[in-house]
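These notes concern the structure reproduced below.
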There are 2 protein chains.
Amino acid sequence: MSTHTPESGTIPSMDSSNTRRDATRRKLFEAAVTLIAEQGFSSTTVDEIAERAGVAKGTVYYNFASKNVLFEELLRHGIELLATSLQAAADEVTDRGGSRIDALDAMIRAGLDFISRYPALTQLYVAELWRTNRAWQSTLMVVRERAITVVENVLREAVEQEELSEEIDIPLTASALFGMVLVAALDWQSYQPDRSIDDVHAALSRLLQGRVSGRSAEGP
Amino acid sequence: MSTHTPESGTIPSMDSSNTRRDATRRKLFEAAVTLIAEQGFSSTTVDEIAERAGVAKGTVYYNFASKNVLFEELLRHGIELLATSLQAAADEVTDRGGSRIDALDAMIRAGLDFISRYPALTQLYVAELWRTNRAWQSTLMVVRERAITVVENVLREAVEQEELSEEIDIPLTASALFGMVLVAALDWQSYQPDRSIDDVHAALSRLLQGRVSGRSAEGP
DNA sequence: TCCCTTGCACTGACTGGTCAGTGCAAAAAG
DNA sequence: CTTTTTGCACTGACCAGTCAGTGCAAGGGA
């Protein structure tokens, strides 16, 4: 059991000392993440963010140096959460002797959990992650690295344990897995929100485990 | 052999009567697609687009009713190209008696080709496709539908031909495949642009065909 | 041959509005 | 008393969209 509390379900708490200031910052994060996910960074105004957070505009600038800085901190904060959650899922499986393949499967589940819990945050990453020439480009590089590395590590261990062929291309496979879960989950949220997470997870597992092509399940 | 000419390699020609006006519109598309991919829609100004296209601002409004309309036409134009190219790849394989699995593989290749030829266009779709509350939402729904349907059809035929398990979830698998190719390709372009397309294609094929997990090649 | 007209495509200065960020005095909170 | 928040007026840069006017090629009349 981890120590983090889910709070309101929109954006999680920080390392969370309980000062008044932190509460304000959290409210601002919550407001910003949904607005920016919907409208994009540039068409979201600071006045809107302040209003949705129930705070005066001056307060935004008392807490963050600029709109850009607010956004960067949001990005960093969010990715830390995802990486931690993926890592925890993988560790939990391997610690009790599960295979690396099982760990991968657990990470897929953790990814789906994350996306369904913080859809706005996810949309926001997708929208920004492959852009170039933006102020927070370098922040995003770090952020991406942090998440992908977790997946790559498990893949690498799996190859070492001979659970996976040593022919696989680790970085590329990690990206592909990431994309598979990401896009499937976003489509799920946008177009079939009624389906259960187990359902979606099962479909992705099947695809990954190669039970899709070849009808191999019918063999003896 | 199709009749379309690749033009400059940034954005393809339309059905293209060769009037002066069409040439201008094409220049504007080219300029807009790269700028918007880099900076996003809202932070790209009409002045920038005009300048990069080498025309006056008024010309933009002579050719398009508004900045929004310019963008919508860009989206529609681009997706038509992708859908056509995927369909052509699939047809080409099945017409000469290849399996549906081979057709899927050909579509992956076509997807990679497309993304490497029009990276800016691709970035732009990714950034906008899962946003809500935007002016061109309905356009995007249509656009998405158009591309995903092509993949779903091949999957459905594959199930009918008993090349794929009837247990698979067709819409979700289509999304997942789409995402796999998309994210892998974007990462390839952004972070390892030197790798050959064959290399990337091979890695994705391996993942899809289930040759990744289980080391099945070693079995007795 | 020259001049005038017509209409299409394009031009770029200008307008009206928007928005990030500031400054400050006074009120809450702790 | 210090830290944080409020409310609000203000500035200056920036930007979508407008519009009166230019350039130019084709036609037609004399």
Side-chain angles (χ1 to χ4, degrees), chain A residues 13-75 124 128 133-136 139, chain B residues 13-75 124 128 133-136 139:
Chain A
S13 73
M14 309 210 62
D15 49 28
S16 68
S17 18
N18 270 340
T19 63
R20 183 150 73 115
R21 204 168 178 197
D22 281 336
T24 304
R25 291 169 65 95
R26 217 177 309 128
K27 277 194 292 182
L28 284 170
F29 276 158
E30 280 188 32
V33 78
T34 41
L35 285 169
I36 296 178
E38 280 172 7
Q39 306 176 330
F41 176 80
S42 312
S43 28
T44 299
T45 68
V46 174
D47 293 87
E48 278 177 311
I49 296 174
E51 192 193 347
R52 162 119 28 146
V55 141
K57 186 179 183 177
T59 306
V60 177
Y61 286 93
Y62 183 78
N63 284 280
F64 298 95
S66 68
K67 188 186 173 189
N68 264 300
V69 168
L70 164 57
F71 186 56
E72 281 193 33
E73 294 198 16
L74 188 56
L75 290 177
L124 191 152
E128 298 294 337
N133 289 358
R134 300 218 86 171
W136 47 81
T139 303
Chain B
S13 72
M14 309 209 63
D15 47 27
S16 68
S17 20
N18 269 338
T19 62
R20 178 150 76 121
R21 207 168 173 197
D22 281 337
T24 304
R25 291 169 65 95
R26 216 176 309 128
K27 277 194 291 182
L28 285 170
F29 276 158
E30 280 189 32
V33 77
T34 41
L35 285 169
I36 296 178
E38 281 171 6
Q39 307 176 329
F41 176 80
S42 313
S43 28
T44 299
T45 68
V46 174
D47 292 270
E48 279 177 308
I49 296 174
E51 193 192 347
R52 164 126 16 153
V55 300
K57 188 179 189 176
T59 305
V60 176
Y61 287 93
Y62 181 76
N63 285 280
F64 300 94
S66 68
K67 188 185 173 189
N68 264 300
V69 168
L70 163 58
F71 187 55
E72 283 193 31
E73 293 198 16
L74 189 57
L75 290 177
L124 191 153
E128 299 294 338
N133 290 357
R134 300 219 86 173
W136 47 81
T139 303

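Below, read A as the first sequence line, B as the second, and so on, with proteins coming before strands; counting in each chain starts at 1.
Here the C1' atom of nucleotide C/dA29 and the CG atom of A/D22 are 16 Å apart, to the nearest Å. Between B/E48 atom CD and D/dA13 atom C1' the separation is 15 Å, expressed in whole Å. Rounded to whole Å, atom P of D/dC14 lies 14 Å from atom CD of B/Q39.
Between the OG1 atom in A/T45 and the NZ atom in A/K57 there is a gap of 8.0 Å [rounded to 0.5 Å].
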Original post:
How does each nucleotide of nucleotides 9-22 of chain C score, in 5' to 3' order, for protein heavy atoms under 4.0 Å: base (B), sugar-phosphate only (S), or none (-)?
Top reply: BBBB------SBBB
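Side-chain atoms of B/F29 and B/L70, non-hydrogen and from C-beta on, do get closer than 4.5 Å to each other. A/E128 is listed as a side-chain neighbour of A/F71, based on a closest heavy-atom distance under 4.5 Å.
Here B/R25 pairs with B/E73 in a salt bridge; the nearest charged N to carboxylate O distance falls below 4.0 Å.
By the ring pair (Phe, Tyr, Trp, His ring centres under 6.0 Å) test, B/Y61 is found to be paired with no residue, residues two or more places apart in sequence or in another chain being considered.
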